[in-house]
Number of protein chains: 2
Amino acid sequence: MPRGNGRGPVWWHGHFRGCGYRITSGREAILGVLTGADKHLSAEDIFLKVHRLNPAIGLTTVYRTLEILVSLGLVSKFDFGDGRARYELAQKSDFSSQHHHHLICTKCNRVIDYTEFVDDEKEFLRRAEKGLSAKYKFDIKDHLIQFYGLCDKCRNKK
Amino acid sequence: MPRGNGRGPVWWHGHFRGCGYRITSGREAILGVLTGADKHLSAEDIFLKVHRLNPAIGLTTVYRTLEILVSLGLVSKFDFGDGRARYELAQKSDFSSQHHHHLICTKCNRVIDYTEFVDDEKEFLRRAEKGLSAKYKFDIKDHLIQFYGLCDKCRNKK
DNA sequence: CTCCTTATTGGTAATGGTTTCCATTATCAA
DNA sequence: TTGATAATGGAAACCATTACCAATAAGGAG
């Protein structure tokens with residue numbers, strides 16, 4: 001069973017080994033932060049948290065490790081339009097994280113995850129992808145759906 | 001009837017005046033380029049075209065004017081994830097442009113507009129927005145839907 | 001365990017799109 | 001025509017991200 005509590009091999013070691021990547025203390029720390037995070041973090045957020053655990057780890061390493069993790073599909077990268085990317089574990093431990101999208105407050109930049117309406121969405125996406133693939137000979141690999149507006153706090157402010 | 005052929009007032013003059021903005025030759029040129037464009041242009045694209053009409057107009061003015069146009073809702077700003085924003089007239093002359101979304105090729109960055117499936121989409125969005133607004137007390141103002149994949153040219157390359 | 005190849009590292013400099021600054025110029029209401 | 005002030009352009013600043021490079025460390029071979 002995968003563990004993340006220090007010494008022994010953890011769930012992601014296999015993914016790294018299998019691709020020829022080495023296990024380093026920097027990568028351990030970064031994965032540790034991502035595993036413990038409950039929301040999308042920017043590279044700098046991650047750097048600051050990692051820095052508290054191990055001040056020797058540099059921002060460059062954070063970016064490089066995140067790039068690897070995204071390419072391995074272990075981490076998802078999001079763009080909320082505020083000029084900095086956010087990162088989030090794509091799977092936690094054994095469990096695949098649920099597919100979800102985001103509500104983005106255009107005033108305070110708060111981001112709310114939602115997993116509702118996935119059935120509606122699945123059906124819509126299935127039809128759209130099928131139709132668009134055929135019409136434009138486009139091989140659709142992924143999609144992005146985001147809603148923008150005002151969160152409950154901001155909508156009540158003048 | 002709105003015109004865009006040089007001397008007299010054109011369709012957007014009223015929008016500018018109404019907000020206290022002045023009509024300048026730079027803004028005329030930029031709006032002219034946008035009106036004549038048939039696809040999303042980057043700020044630099046617009047600058048280069050404007051520069052051919054009037055070399056005195058600087059890149060800064062292009063950015064500033066685009067910011068105003070977006071804030072007035074006359075121009076839409078898109079982020080296709082390649083690090084530069086794209087701009088497109090939100091309405092052409094009297095006609096509202098059709099609501100559309102984008103297929104983005106992750107290999108060559110080509111962008112295909114599509115207006116298909118808007119009925120499906122409208123229905124899906126209507127339900128999603130209604131449900132999400134209620135559940136999260138989120139006042140949804142806008143949405144973003146994009147599909148990523150390989151265009152017909154790139155999918156056939158190794 | 002030790003050695004050796006080479007992936008990885010951190011700090012710094014560079015990148016590139018976008019913004020800010022500021023002195024100069026142009027718009028347009030009076 | 002004039003004056004208040006919005007708009008301008010060019011250069012510098014900004015800022016997240018990337019490239020570079022000499023120093024370090026992971027981990028397989030022996």
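Lettering of chains follows the sequences in order, A, B, ..., and the numbering in each one begins at 1.
- Two residues, B:Tyr21 and A:Ile68, neighbour DNA chain C, and the one matched to the more 5' nucleotide by heavy-atom proximity is A:Ile68.
- For the OP1/OP2 pair of C:dG17 and a distance below 4.0 Å, the side-chain nitrogens and oxygens of B:Arg84 include at least one atom meeting the criterion.
- One atom, CG of B:Asn54, and another, C1' of D:dT8, lie 12 Å apart when rounded to the nearest Å.
- Contact annotation: A:Tyr63 reaches the phosphate of D:dT17 (side-chain N/O to OP1 or OP2, under 4.0 Å).
- When each of A:Asp113, A:Leu150, A:Ile112 is tested with A:Leu103 by the rule side-chain contact (heavy atoms from CB on, under 4.5 Å), just one qualifies, namely A:Ile112.
- Between the side chains of B:His51 and B:Glu44, no donor-acceptor pair is found at a separation under 3.5 Å.
- Here D:dC14 presents its C1' atom at 14 Å from CD of A:Glu44, a figure rounded to the nearest Å.
- Ring geometry for B:His102 against B:Phe78 counts as perpendicular: the plane angle is over 60°, on a 0 to 90° scale with 30° as the lower cut.
- Atom CG in A:Asp82 sits about 12 Å away from atom C1' in D:dC15, given to the nearest Å.
- For A:Arg27, whose side chain is taken as the heavy atoms from C-beta onward, the closest listed nucleotide among D:dC20, C:dT9, D:dT17 is C:dT9.
- The phosphate of C:dA7 (OP1 or OP2) has no side-chain N or O of A:Arg64 nearer than 4.0 angstrom.
- Under a 4.0 Å N-O distance rule, the pair A:Lys77/A:Asp79 does not qualify as a salt bridge.
- Residue B:Thr24 places none of its side-chain N or O atoms closer than 4.0 Å to OP1 or OP2 of D:dA6.
- When the C1' atom of C:dG17 is taken as reference, atom CG of B:Leu66 falls 13 Å away, rounded to whole Å.
- With rounding to whole Å, A:His13 atom NE2 is found 14 Å from D:dG27 atom C1'.
- Remark: B:Arg22 is not in phosphate contact with D:dT8, judged by side-chain N or O atoms under 4.0 Å from OP1 or OP2.
- Here C:dA26 presents its C1' atom at 14 Å from CD of B:Glu28, a figure rounded to the nearest Å.
- In this structure, A:Ile57 atom CD1 and D:dA26 atom P are separated by 12 Å, rounded to whole Å.
- Listed candidates were C:dT19, C:dC28, D:dT17. Nearest to the side chain of B:Lys77 is C:dT19.
- For the pair B:Leu59 and B:Ser25, both in contact range of DNA chain C, the more 5′-proximal nearest nucleotide belongs to B:Leu59.
- Spacing between atom CG of A:Asp79 and atom C1' of D:dT17 amounts to 13 Å, rounded to whole angstrom units.
- Looking at A:His40 and A:Glu88, their side chains do bring a donor and an acceptor atom within 3.5 Å of each other.
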